[in-house]
Amino acid sequence: MAAGGQVVAAGSAEQFHQLLQQKDRSLVVVHFWAPWAPQCAQMNEVMAALAKEHVQVAFVKLEAEAVPEVSEKYGISSVPTFLFFKNAQKVDRLDGAHAPELTKKVQRHASSSSLSAGTNDSAKEDLNVRLKKLINAAPCMLFMKGSPKEPRCGFSKQMVEILNKHGISFSSFDIFSDEEVRQGLKTYSNWPTYPQLYVAGELIGGVDIVKELEASGELDTVCPKAQKLEDRLKTLINKAPVMLFMKGSKQWGVSVRATSLSVDHQLLLSPEW
């Protein structure tokens with residue numbers, strides 16, 4: 001067991017997994033380090049200071065090369081790397097010697113972990129409410145790895161290409177930006193992989209499903225199309241019997257006559273003007 005206020009060394013995979021199973025502390029912070037890296041020694045000192053401040057958190061250091069099976073399991077390719085666990089499940093990660101960011105993450109996760117077991121259900125409810133809001137943030141929402149301009153996996157890139165090819169209007173969320181959303185959405189929608197496409201708050205599926213819809217011709221009817229600029233302009237022009245397109249607003253007291261409009265103003269009396 002890890003004593004409060006101290007950093008415990010895990011020398012084996014078995015000891016590491018035992019530390020993750022602690023019931024008296026729901027947050028475990030693990031530092032994957034190497035004795036030959038001076039920045040790791042510095043971050044061990046930061047860990048020791050944080051351990052004294054957050055006695056309810058278990059702080060563990062594990063020599064990455066000494067326990068390769070654990071390092072390989074969690075994709076540790078450089079040191080220092082920090083993993084955050086709650087109830088034996090990884091919830092966050094920090095790569096590199098960034099003391100301020102480590103402190104910030106520990107404070108955030110420790111604060112949320114201070115909830116008692118009886119409030120865990122309400123925490124799940126809060127996450128579900130947040131997920132529902134994200135899903136309904138736009139008529140068509142894509143949860144992907146990276147962004148439409150810079151996809152970070154082949155499947156996400158394929159999804160973006162298909163949606164753009166069909167002129168589909170969509171918003172996106174980078175799951176790498178929030179580990180809680182990344183893990184929670186899998187359970188919420190019972191869909192274990194990404195990308196995930198939602199229309200009107202309902203899950204459509206991943207890239208394979210979207211490819212099937214494209215092949216059958218259903219994609220264009222399922223997903224909302226981006227409004228063409230010409231259609232948007234027509235809508236604006238017909239918004240009122242008389243429409244003035246100007247710099248600024250009428251509240252600023254700008255008055256112009258239709259017979260003396262400058263180049264920067266257009267007075268549209270009808271769609272045929």
Side-chain angles (χ1 to χ4, degrees), residues 20-21 23 25-30 73-75 82-94 104-164 166 168-214 218-219 221-224:
L20 291 188
Q21 300 300 327
K23 294 182 179 179
R25 296 180 182 87
S26 58
L27 177 64
V28 181
V29 181
V30 183
K73 178 180 179 181
Y74 292 101
F82 299 86
L83 297 185
F84 298 76
F85 294 85
K86 288 183 181 180
N87 301 316
Q89 298 296 316
K90 182 170 75 72
V91 295
D92 206 348
R93 176 180 182 132
L94 175 64
K104 181 179 175 182
K105 285 180 177 287
V106 168
Q107 290 174 340
R108 177 162 59 87
H109 288 296
S111 176
S112 62
S113 295
S114 64
L115 297 170
S116 65
T119 62
N120 283 341
D121 289 340
S122 63
K124 281 186 179 179
E125 267 186 47
D126 292 341
L127 176 59
N128 287 342
V129 169
R130 186 181 171 211
L131 292 174
K132 187 175 182 179
K133 286 182 178 179
L134 284 172
I135 290 169
N136 289 278
C140 185
M141 275 295 297
L142 176 63
F143 291 82
M144 61 179 293
K145 294 180 180 180
S147 66
K149 289 186 178 180
E150 296 183 1
R152 293 175 62 183
C153 82
F155 294 120
S156 292
K157 182 178 180 181
Q158 290 178 44
M159 180 74 85
V160 170
E161 288 175 347
I162 292 172
L163 297 179
N164 286 337
H166 287 262
I168 293 170
S169 176
F170 69 96
S171 295
S172 68
F173 184 91
D174 180 5
I175 59 165
F176 284 146
S177 68
D178 195 313
E179 186 67 19
E180 192 175 40
V181 170
R182 178 183 181 181
Q183 300 301 332
L185 194 59
K186 294 178 183 179
T187 303
Y188 183 88
S189 298
N190 194 27
W191 195 271
T193 59
Y194 291 100
Q196 295 181 14
L197 183 68
Y198 294 78
V199 174
E202 297 294 329
L203 175 66
I204 300 302
V207 67
D208 289 339
I209 300 297
V210 170
K211 283 182 177 179
E212 291 177 7
L213 291 173
E214 182 185 32
E218 297 178 71
L219 186 62
T221 60
V222 170
C223 298

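What you see is a predicted model; the values in this text were computed from it and never measured. The basis for the numbers below is simple: all heavy atoms, side chains too, and nothing from hydrogens, waters or symmetry mates.
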Checking His166, Lys211, Glu212 against Leu219 for side-chain contact (heavy atoms from CB on, under 4.5 Å), the one that qualifies is His166
Drop me the distance from Tyr194's OH to Phe155's CZ, to the nearest 0.5 angstrom.
15.5 Å
Quick one: are the ring centres of Tyr74 and Phe85 less than 6.0 Å apart?
yes
To the nearest 0.5 Å, tell me how far Gln89 CD sits from Gln183 CD.
8.0 Å
Please check: side-chain N/O of Asp174 versus main-chain N/O of Phe176, any donor-acceptor pairing under 3.5 Å?
yes
Across all chains, not counting sequence neighbours, the side-chain contact (heavy atoms from CB on, under 4.5 Å) partners of Ser147 are Lys149, Glu150
Where Leu127 and Gly184 come nearest, the two heavy atoms and their spacing:
CD2-CA, 4.1 Å
To the nearest 0.5 Å, how far apart are CG in Leu131 and CG in Asn136?
11.0 Å
The salt bridge (Lys or Arg N to Asp or Glu O under 4.0 Å) partners of Asp178 (sequence neighbours excluded) come to Arg130
Over all heavy atoms of both residues, which pair between Phe170 and Pro148 is shortest? Give the atoms and the distance, please.
CE1-CG, 4.0 Å
I'd like to check the salt bridge (Lys or Arg N to Asp or Glu O under 4.0 Å) partners of Asp92; sequence neighbours left out, ordered by chain and number.
Lys105, Arg108
Taking the six-membered ring for Trp, are His109 and Phe84 parallel (under 30°), tilted (30 to 60°) or perpendicular (over 60°)?
tilted
In terms of side-chain geometry, is the basic nitrogen of Glu179 or Arg182 positioned less than 4.0 Å from the acidic oxygen of its partner?
yes
Pairwise distance CG(Leu213) to CG(Asp208) - rounded to 0.5 angstrom
11.0 Å
Nearest-0.5 Å distance, CG of residue Leu134 to CZ of residue Phe143
5.0 Å
With a sphere of 6.0 Å drawn around CD of Glu161, does it hold more than 12 non-hydrogen atoms of other residues, nucleotides or ligands?
yes
Any side-chain heavy-atom pair of Tyr198 and Ser189 under 4.5 Å:
yes
Please report the shortest heavy-atom distance between Val222 and Val199, naming the atom on each side.
O-CG1, 3.4 Å
Distance (rounded to the nearest 0.5 Å) between Ile204 CD1 and Gln196 CD:
11.5 Å
Heavy atoms of Ala88 and Gln21 approach each other most closely as CB-NE2, 3.7 Å
What's the verdict on side chain to side chain contact (heavy atoms under 4.5 Å, CB included) for Ile175 and Lys145, showing C-alpha distance, side-chain angles and the deciding distance?
CA-CA 6 Å; Ile175 59 165; Lys145 294 180 180 180; 3.7 Å; yes
Heavy atoms of Met159 and Gly205 approach each other most closely as CE-O, 4.1 Å
Using a 4.5 Å cut-off on heavy atoms from C-beta on, say whether the side chain of Ile135 contacts that of Leu185.
yes
Between Cys140 and Ile168, what is the shortest heavy-atom contact and its length?
SG-CG2, 4.2 Å
